[in-house]
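Here is the structure we will look at, set down as structure tokens.
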Amino acid sequence: MAAGVSDPSLRHRRREQGLMFLLASPALVVVLALVVVPVGWLMGQSVFDHGFTLENYRRIFVEPIYWRSFSLTFRFAFEVTVLALLLGYPVAYVATAVGRPWDILIMSLVILPFWTSVLVRAYAWLVLLQRTGVVNHLLADLGLIDEPLALVHNELGTVIATVHILLPFMVLPLYSAMQKIPRDLLQASASLGCGPWPTFVRVFLPLSLPGVLAGLTLVFVLALGFYITPELLGGGRTIMVSMVVSRNVELYDQWGAASAVGVILLACVLAIFVVVGRALPLDRVLGHR
Amino acid sequence: MIRGHGSEAVILPGRGTVQAGGERVEVRSASKSYGSVLALDNVSLDVAPHEFVSLLGPSGSGKTTLLGILGGFIQPSAGSIHFGGRDVTFVPPHKRDIGIVFQSYALFPHMTVGENVAFALRARRLPKSSWADKVKHALAMVGLAGYEERGIAQLSGGQRQRVALARTIIFDPRLILMDEPLSALDKQLREAMQIELRQLHRRLGATIIYVTHDQREALTMSDRVAVLKDGKLVQIDRPDRLYDHPANAFVASFIGEATLLPVTRVDGASVSLDGAILRTGRPVPATGDLVLAVQTEKLLIDLDRQDPTRNHFSGRVADIVFQGESLRVFLTLDGGASLSLRQPSHYEATRRIPPIGERVNVSLHPEDTIVVPRTES
């Protein structure tokens, strides 16, 4: 209707929306240039080799080396995520419970490793965990072991170092979710007759689940694509998906195959997001909204 | 105390016969310091079974600290707490068996109304088959019958308040602590809930200790009101006694809307205000600085005939404020002091108010002439 067109409030809103779009446009351009375009190019490359072909995908599903890499990578990401949760939850809980200034100290210690390069930390773990490293020496001196343990150049070493590097991505969302839990609720639970442990199980834990979920997803997805740490600490025997990609490009100059692996990994991650989002009763946790 | 005590069996409507249990609560010389700050300073309090006692004071007066100590969330630095003669000073909250209603309601957002209300039953490991009836009854008591399946986010503030109450009363606690439970509600709902809480208290028979900074709320609901200031218990008494016999200028100014005017002692039954002699029906303290506390509703506007038995003041009308059911009239006395009084907004009362700037004569009965020490004694 004509009245709608001349309605000044509508005009005002449209101008506001235009300005908002303008504000967001630099970020949109960056995302478009650095994410959408390369990923599209990647997808194109995985199915084009002098014409359309699914050869790259056929190879992935047929050759066992790819299967082994994918299953290894998922198992690795799963192990890292579970360990990060088991180690991170108590840290976040303590940081929430102790109050000032200790919470600041604990969270600073959690974030501190962020400022060190991943490469440096990987080498540091190499020094610590190798056959003649600090850990093996210590265990031998304490008389706990006779032979040095194989802590590195295998999956174990990779998991240890990766957990260390990804731990902040677990602790930070946990801490943020736990901080939002009102202390009143814990006091209310106590006043209604619940001791510390039942209060934790029935009130604190369920209300911290959004943080658990965020941490699990972040760490799992990051671990799936981890490259430097497995490359340095895996000893060449643990071939992650990311390493398959790198080898296809660097050793065999197989861009099409590398792209196909990348596309499948991306599809897996997206599938996980969808399943997690659907499966967990988040709306219930967040209060029936 | 106004209401009866003792632990006789009483009949509660729709509830059958229950052994009404109210806990005797004793606070013995309790103090709490945080570093150099003394949050609670040697407070002793004896609350009888079934009694409704309010802890009234401004923020920082120690009332919330005292409630925290009674709830078991704060341990006193000195002194002890006794429930029914049993020392519970260091008993953890979940073993105290007391109900607490929080200012924020503290309902569990991840549970339905029914699950919230059943929480105490679950904590006590009562058979699940007995829950439904008890939940239904508790919700009915607070006027929320049939709300079991609702989510907390779907409720209004007043409904949340009721759920918090139902969750507390479901396990028949002998003592209920309430921390400003009505402060988040709007005025009309708050006043309706005050009356409901009073009635609920009578039906439950539990001892209630109620923290508030709203003097009117404390007067409305309580058997006795304990006034706290700077961590100290200033006065504890029945609402009517507290109002008419404040212990000092602080209580007089905190309760009601009194104007305080400095006066000097003449003899045991009279004081002098700017040279004018005022008679009082109460004994005048022998020493220290004195103030006259004039509650707004106790002043009457005199028209022509002056009653010689009353104390008289004269001055001019400085301002008139219309507030709905009443008007507040501000006066400047001839001596320079300011006073204010209330007139109900009906014709007979409002026609007595002269226009702003005109002379006015007001009077105060000697029984309403309250003279108190300026400082705590």
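What's counted below: heavy atoms across the whole structure, side chains too, no hydrogens, waters or symmetry copies. Residue numbering restarts at 1 for every chain, and letters A, B, ... go by the order of the sequence lines. Since the structure is predicted, the reported quantities are computational estimates derived from the model, not experimental observations.
Most heavy-atom pairs under 4.5 Å with chain B: of the set A:Leu186, A:Thr199, A:Asp184, this distinction falls to A:Asp184. When each of B:Gly99, B:Gly71, B:Ala106 is checked for heavy-atom pairs under 4.5 Å with chain A, B:Ala106 comes out on top. In terms of heavy-atom pairs under 4.5 Å with chain A, the best-connected choice from B:Pro173, B:Ala120, B:Ala164 is B:Ala120.
Between B:Phe73 and A:Ala190 the shortest heavy-atom distance is CE2-CB, 4.2 Å. Contact between B:Arg167 and A:Ala188 at its shortest, heavy atoms only, is NH2-CB, 3.5 Å. Of all heavy-atom pairs spanning A:Leu185 and B:Leu107, the tightest one is CD2-O, 3.2 Å.
Checked by atom type and distance alone, the side chain of B:His110 pairs as donor or acceptor with a backbone atom of A:Arg202 at under 3.5 Å. B:Arg122 places no side-chain N or O within donor-acceptor distance of the main-chain N or O of A:Cys194, the cut-off being under 3.5 Å.
Using a 4.5 Å heavy-atom cutoff, the side chains of B:Phe102 and A:Ser191 are in contact. Inter-residue side-chain proximity for B:His94 and A:Pro198 is flagged as unmet; no heavy-atom pair is nearer than 4.5 Å. A heavy-atom distance below 4.5 Å is found between the side chains of B:Pro109 and A:Leu207.
When heavy atoms are compared at a cutoff of 4.5 Å, A:Ser189 approaches chain B by way of both its backbone and its side chain. For a residue to count as touching a neighbouring chain, one of its non-hydrogen atoms must lie under 4.5 Å from one of that chain's; by this rule B:Arg96 does not touch chain A. Using a 4.5 Å cut-off between heavy atoms, B:Ile100 contacts chain A through both its backbone and its side chain. For B:Leu177, no part lies under 4.5 angstrom from a heavy atom of chain A.
Counting non-hydrogen atoms of neighbouring residues, nucleotides and ligands closer than 6.0 angstrom, the CZ atom of A:Phe78 reaches no more than 12 such neighbours. Around atom CZ of A:Phe21, no more than 12 heavy atoms belonging to other residues, nucleotides or ligands sit under 6.0 Å away. Atom CZ of A:Arg13 is surrounded by 12 or fewer heavy atoms from other residues, nucleotides or ligands within 6.0 Å.
The structure places OG1 of B:Thr168 at 6.0 Å from CG of A:Leu192, a figure rounded to the nearest 0.5 Å. For the atom pair B:Ser104 OG and A:Gln187 CD, the distance stands at 9.0 Å (nearest 0.5 Å).
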